[in-house]
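Written out below as structure tokens is the structure these notes cover.
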Amino acid sequence: MYIVGPPFHNHGKGIWILDGLAIRIAQSLGLHRDGKRLGLSYFQAEIRRRLWWHLISRDGRAGEDYGLEDTNSLLVSSEVSLPANIDDTEIYPDMQQPPVAKKGWTPMTFTLINIELAKSMKKLAYIAKKSSPPTEQSRLQVIREAKDFVDQCLLFCNPVIPQHRQTLCCSQFLLQKLDFITRIQWIIRQGPGPQANFATEQNISEALEILKPRFNREDDLLYQFSWARKAYPQYHVTMYVLWHLCLKPDDPRSDEAWEAMEYLFSNELRDEYNLTSGSKTAALWALRAKALSVRSTIGKGGQGGHTSAGMSAFYGQEQTREQVIQLDVIGNNDTTIDVDIAEWSDWDVLAHGFQFDNPDVLWQ
Amino acid sequence: MGLKVSHIPTDEVKVYSTIDDPSSASPQSLAFNFAIYFAATVSMDDSEAFSILGMEKATLLVQIKDGLEQSFAHGDFLNHPTIVGLHALAIYLVGFVGIEWAAVRS
């Protein structure tokens, strides 16, 4: 059945399309209406809520993966109640009372955190679109609310237990990443050209902090989840680090940053993955080549006075980063990247339209 | 796994009933099983998959995917979708993201 079998080499778009299909199927089954209003049993209603929220909160990662903007607003407008924070044993087909939500950790806790974060992302995207430039205060407000919710959920997690630990690590990671990437996004939206608060020490520290768990294999308790790391490369954070390296090739942390980059580029961003992930990996390779060439012009470990040279080398005559990147990829033959130019309109969305990660993953 | 879409007590019965008597299972129940096999296989690394399943992970994934697609086709899923079929699709898509298709193809 061709619909379920997208071509192997194009898994990116396949997922995007199939996720859309799944939501349509869900709607055709009435999942967009709360089961209680449809007169279904408590059990059926709860099962349907899980499925519905799973499907609509999945779509978010698409922006990062494919540079496509998620157009559905179901996350913020859905009339379906959230699934309850309960253990599976608390619901059964002939139950006569609605389930009572628990305060402590359940297998649903991480799911609920994900839904909340996906909603926050949606709210942020809305703010970003509505006001230009959006205010940092409005961003912080959303982040703070999300953090309060997550903290409340994590209150009862015991890091000794692997599933709890997974919930803790992943939730904090996702929150940190949402905060970081939207902050960068907000800075970029202040206007074209370099911003003073862009390539800062705080930003690079935070970016490296976010990428760190990806090569930290010391946590044996979470080894079983390591497959998920490869499925979700950190495009935005990687892009930031490369930008930073272009602007500040002599940053005190540049060696550390390069180490992280080389790790990522020889693993999840490896060349052969270009096949499956398309233009954004190619763009990152091109940006990496640019950063490398800036680095070589100052000589490794060069100190002081090079920042502005690096910056002008990076920006050239262009005013916006996307243009620089775009020119790069098209014009730089050294990188031997074959990019379909038509896909390049998507890059702007990737650069500006950060969308939150897919929830169903563990990041470690 | 991270995001929970299943209900173990009832889904477990579904899965083992299908294994027990696949010939009388509905096509969409078969799809549900294939989706779970698929996600489970994706979560293993190559050597784990080989020692537990006795097959190359990539080969097995292609077989499971074929099984799933055929089940959907036989059940005419698009024209007659069911909650079970949609569950299957949802679980399959979770695993699907985790695949290095380039590696599977080669």
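Chain letters run A, B, ... following the sequence lines, proteins first and then strands; every chain starts at 1.
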### Task
Kindly compute the distance separating OH (B/Tyr92) from CG (A/Leu18), expressed to the nearest 0.5 Å.
7.5 Å
### Task
Please name the pair of heavy atoms, one in A/Leu29 and one in B/Ile83, separated by the smallest distance, quoted to 0.1 Å.
CD1-N, 3.9 Å
### Which atoms of B/Ser6 approach chain A - backbone, side chain, both or neither, heavy atom under 4.5 Å
backbone
### N/O donor-acceptor pair under 3.5 Å between B/His7 side chain and A/Thr89 backbone
no
### Query
Where does A/Pro93 contact chain B at under 4.5 Å (heavy atoms): side chain, backbone, both or neither?
side chain
### Message
Rounded at 0.5 Å granularity, tell me how far CG in A/Asp19 sits from CZ in B/Phe96.
### Response
10.0 Å
### Task
Sort out for me which residue in A/Asn114, A/Asp88, A/Thr106, A/Thr111 forms a side chain to side chain donor-acceptor pair (under 3.5 Å) with B/Lys4.
A/Asp88
### Query
Should we count CD of A/Gln176 as having more than 12 external heavy atoms under 6.0 Å?
yes
### Message
Restricting to non-hydrogen atoms, name the atom on A/Ala22 and the atom on B/Leu86 that form the minimum distance, rounded to 0.1 Å.
### Response
O-CD1, 3.6 Å
### Query
Hey, mind stepping through A/Trp53 and B/Val5 against side chain to side chain contact (heavy atoms under 4.5 Å, CB included) and telling me if it holds?
CA-CA 9 Å; A/Trp53 281 100; B/Val5 68; over 6 Å; no
### Query
For chain B, which residues of residues 41-52 of chain A have at least one non-hydrogen atom nearer than 4.5 Å to it?
A/Phe43, A/Ile47, A/Arg48, A/Arg50, A/Leu51
### Query
Of the backbone (N, CA, C, O) and the side chain (C-beta and beyond), which part of A/Leu31 lies under 4.5 Å from a heavy atom of chain B, both, or neither?
side chain
### Task
Pull out the residues in residues 8-16 of chain B that come under 4.5 Å of chain A, heavy atom to heavy atom, sorted by number.
B/Ile8, B/Pro9, B/Thr10
